[in-house]
Amino acid sequence: MIEVKAIQKSFGEHHVLKGLDLTVKKGQVTVIIGPSGSGKTTLLRCMNLLEIPTNGTLRVGDISLTFEENVQPKPKDMLALRRKSGMVFQSYNLFPHMTVLQNIMEGPVIVQKKAKEEAKTTALQLLKKVGLADKADAYPDQLSGGQQQRVGIARAMAVNPEVLLFDEPTSALDPELVGEVLKVMKELAVEGMTMVVVTHEMKFAEEVADKVVLLDQGKILEQGEPSELFNHPKHERTRAFLSRLINPI
Amino acid sequence: MSDHTERLYHIFIESFLPLLKAGVAFTIPLTLVSFAIGLVIAFVTALVRISPVGPLRGIARFYVWIFRGTPLIVQLFIIFYGLPSIGLTLPPFTAGVIGFSLSVGAYGSEIIRAAILSISQGQWEAAYSIGMTKRQALRRIIVPQALRVSVPPLSNSFISLIKDTSLAASITVTEMFQKAQEITARYYEPMLLYCEVALIYLVFSTVLSHFQNRLEHYFDSKSAKKGSLL
Ligand SMILES: Nc1ncnc2c1ncn2[C@@H]1O[C@H](COP(=O)(O)OP(=O)(O)O)[C@@H](O)[C@H]1O
Ligand SMILES: [Mg+2]
């Protein structure tokens, strides 16, 4: 579904991704973990071109793009590749001037030019799925963080992406609201949605992930099935990172 | 009543209608027309200034620089008294509309540009993430939010404009202040007449501020986003 090949990303002199290879299979859940600043967000944002990789090749679905330093890819190609995926943001980024329903219908109606009625029916189904059928006419700032994030998921789903990208979707939430978002994500995983999730929710990773990838200093340090990686880490740095997660100081 | 008070009273009453008429016939149309055109100029200029087209951006910046950096009355003089010498003679009202529109356009473009830049990067990214083009993101997501942020400062410009139209007196537009000067020349009661015209300006701007509040409330209730407008 996604193939990342030798992807590099620099911000000026700052080399953030140092040549990454990663394959995400259809229907699988990939969890990316790693210390703060290791490049998780940057990698995820490269996958839907919110950041343009400096070098490397990226394939999402049947669209592939190769990047070279100082060569600006064509907007048309970027758009086509980006439209393969949906993104769920740490800070939700809902559109504050629109109701929940309008937020979800925006992509289908404006981008995909679907009929309003059809888009509305789909949007209401999605809202029901994330457990917010009664909030269709609310504005984002009338919702709790957990509710907003669930709308964020519904909005990303509405354009039928082939893969959903999540950047720490629960880390801005109060602890008691984390569960409701993870539950929705679990259900999506069970339904066979292809997902790439940056998160530090280890329980979620253990239960849901098909693969866990540990990023460290812009490189993949280790990857594998969650039980394997968590219980038998190969690298000392992996062990150190995991133990810090379990016993934060 | 003493004779003098009685005279003042009569002048006040007699002048009131002519002043109000000049206000309704010139001050208000001048304000409304200039503001409407000015807003269009402001909006286009703001979009040009955030566009990636370098030369256009330069022109827009130059325009804003000129019109913010020179006194409005000097601009009006150049348009009305200056342009005829290069063969362009404009009626006073038209000259006024051009001057005021360009001035509103320059200040307004800065307000709108700042408002667009104040919308968080996350909104752009969310728009892109559902597949929008830059145009779609601007039109559907960024501009509607930016306009909301712009309402209070733009209404301030509007109220300033009502008062600034008095400068049109200096280019022979018979708006309210010009009328007050004419009447004063007849009766020699500057204190009374200028206070009277001040009072009418005050009424105009107060009524319009009231509409401004209503407008802000309307936007407020629509987004249920209390306090985030300012
Ligand atoms: N837009 C940017 N400009 C410059 N540096 C950036 C930018 N985005 C991220 N970085 C840098 O890249 C590094 C990795 O960041 P990020 O991908 O956010 O890490 P993580 O999500 O793993 O915490 C950090 O050192 C960060 O400062
Ligand atoms: Mg991050």
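To find a chain, count down the sequence lines: A is the first, B the second, and so on, and within it residues start at 1.
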Just jot down the side-chain contact (heavy atoms from CB on, under 4.5 Å) partners of A:T57, sequence neighbours excluded, or say none.
A:K5, A:S64, A:T66
Can you say whether A:T99 sits under 4.5 Å from chain B via the side chain, the backbone, both, or neither, judging by heavy atoms?
neither
Taken to the nearest 0.5 Å, the spacing of B:K134 NZ from A:L79 CG works out to 13.5 Å
If you tally heavy-atom pairs under 4.5 Å against chain B, which of A:M78, A:M98, A:M87, A:R83 wins?
A:R83
Interface moiety of A:R45 toward chain B, non-hydrogen atoms closer than 4.5 Å
side chain
Atom CZ of B:F211: over 12 foreign heavy atoms under 6.0 Å:
no
Inspect the surroundings of CD in A:Q112 and state if more than 12 heavy atoms from other residues, nucleotides or ligands are less than 6.0 Å away.
yes
Return yes when atom CZ of B:F62 has more than 12 non-hydrogen atoms of other residues, nucleotides or ligands closer than 6.0 Å, and no otherwise.
no
Which atoms of A:L94 come close to chain B, meaning under 4.5 Å heavy atom to heavy atom: side chain ones, backbone ones, both, or neither?
backbone
Closest approach of A:I110 and B:Q136, non-hydrogen atoms and distance?
O-NE2, 3.3 Å
Do you know which two heavy atoms are closest between B:A126 and A:F95, and how far apart they sit?
CB-CE2, 3.7 Å
Using 0.5 Å steps for rounding, measure from the CD atom of B:E125 to the CG atom of A:D167.
10.0 Å
What distance separates B:I142 CD1 from A:H97 NE2, expressed to the nearest 0.5 Å?
8.0 Å
Provide the closest heavy-atom pair for B:I130 versus A:V111 in the form atom of the first, atom of the second, distance.
O-CG2, 3.4 Å
Check A:E106 against B:R140 and note the closest heavy-atom contact, atom names and distance.
OE2-NE, 2.6 Å
Set of ring-ring contact (aromatic ring centres under 6.0 Å, His included) partners for B:F77, sequence neighbours left out:
B:Y81
What is the distance from atom CG of A:N93 to atom OG of B:S120, rounded to the nearest 0.5 Å?
6.0 Å
